[in-house]
Amino acid sequence: QVQLVESGGGLVQAGGSHGLSCAASGRTFSSYVMGWFRQAPGKEREFVAAISWNGDSINYADSVKGRFTISRDNAKNTVYLQMNSLKPEDTALYSCAAATRGWSPFIATTRGYDYWGQGTQVTVSS
């Protein structure tokens, strides 16, 4: 069982930067692919970014590419999401997720993940 707890949500002005963290329980964190997803009101959950166990493979949604950076610290069992040049359309509940089956073809979909955090709200004001 893996527990994921996100932190760092808040209110940010458009054009600003903000960082999120996701702390994971368990001794096998370093073997998991970790991802970030977001869900805006009235919309489906969408993929944001994913990172392999050692950081060698990273994938971003086109909507955040060049603005967001995913990273991880396996010694701290934590994955991060640095968000720059934020836009009002980035407003959403951001959740982290853990994939225990490795870097699969479904890594950019919810299907690829086994454990989810509760999420942290990010609101970008215009």
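Atom set for the values below is all heavy atoms of this structure, side chains included, hydrogens, waters and symmetry mates excluded.
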Would a hydrophobic clustering, with Ile, Leu, Val, Met, Phe, Trp and Tyr connected at side-chain separations under 4.5 Å, put Val33 with Val48?
no
With Asp90, which of Met83, His18, Arg38 fulfils side chain to side chain contact (heavy atoms under 4.5 Å, CB included)?
Arg38
Is the shortest side-chain heavy-atom distance between Tyr115 and Gln3 below 4.5 Å?
no
same_hphob_cluster(Trp53, Leu81) at 4.5 Å side-chain heavy-atom cutoff:
no
Answer with yes or no whether the side chains of Asp73 and Thr78 bring together a donor and an acceptor at under 3.5 Å.
no
If hydrophobic clusters are built by linking Ile, Leu, Val, Met, Phe, Trp and Tyr wherever their side-chain heavy atoms come under 4.5 Å apart, do Tyr80 and Ile70 end up in the same one?
no
Determine whether the aromatic ring centres of Trp36 and Phe68 lie less than 6.0 Å apart.
no
How far apart are the closest heavy atoms of Ser125 and Leu11, and which atoms are they?
CB-CD1, 4.2 Å
Between Asn77 and Ser25, which heavy-atom pair has the shortest distance, and what is it?
ND2-C, 4.3 Å
About how many Å separate OG1 of Thr110 and CZ of Arg45, when rounded to the nearest 0.5 Å?
7.0 Å
Under the side-chain hydrogen bond (donor to acceptor under 3.5 Å, both in side chains) rule, collect the residues that match up with Ser31, sequence neighbours excluded.
none
Answer yes or no: is there a donor N or O on one side and an acceptor on the other, between the side chain of Asp114 and the main chain of Thr100, under 3.5 Å?
yes
Show the nearest heavy-atom pair for residues Ala14 and Ser126, with the distance to one decimal.
CB-CA, 4.2 Å
Can you tell me if Glu89 has over 12 outside heavy atoms packed within less than 6.0 Å of its CD?
yes
Do you reckon Trp116 sits in the same ILVMFWY cluster as Val2, going by side-chain contacts under 4.5 Å, direct or chained?
no
Do Trp103 and Ile58 belong to the same hydrophobic cluster, where Ile, Leu, Val, Met, Phe, Trp and Tyr are linked whenever their side-chain heavy atoms lie under 4.5 Å apart, directly or via other members?
no
Is Arg111 close enough and on-axis enough to Phe106, meaning under 6.0 Å and within 45°, for cation-pi?
yes
Least distance between heavy atoms, Lys65 atom then Tyr60 atom:
CE-O, 3.7 Å
Quick one: pull up OG1 in Thr69 and CD1 in Ile51 and give me the separation to the nearest 0.5 Å.
10.0 Å
Could you check whether any side-chain heavy atom of Gln82 comes within less than 4.5 Å of a side-chain heavy atom of Ser17, counting everything from C-beta outward?
yes
Above 12 or not: heavy atoms from other molecules or residues under 6.0 Å from CD of Gln118?
no
Using every non-hydrogen atom in the two residues, find where Glu6 and Cys96 come nearest and quote the distance to one decimal.
OE2-N, 2.9 Å
Cluster partners of Leu93, using ILVMFWY side-chain heavy atoms under 4.5 angstrom, listed by chain and number?
none
Test item: Thr91 side-chain N/O and Thr123 main-chain N/O as donor-acceptor pair under 3.5 Å
no
What distance separates Arg101 CZ from Tyr32 OH, expressed to the nearest 0.5 Å?
12.0 Å
Could I get the full list of side-chain contact (heavy atoms from CB on, under 4.5 Å) partners for Ala61, not counting sequence neighbours?
Phe47, Ser63, Val64
Reported CG-to-CD1 distance for the pair Asn59 and Ile107, which is rounded to 0.5 angstrom
8.5 Å
Counting C-beta onward and ignoring hydrogens, is there a side-chain heavy-atom pair between Gln121 and Tyr94 closer than 4.5 Å?
no
Taking all non-hydrogen atoms of both residues into account, name the closest pair between Gly35 and Tyr113 and its distance.
N-CE2, 3.7 Å
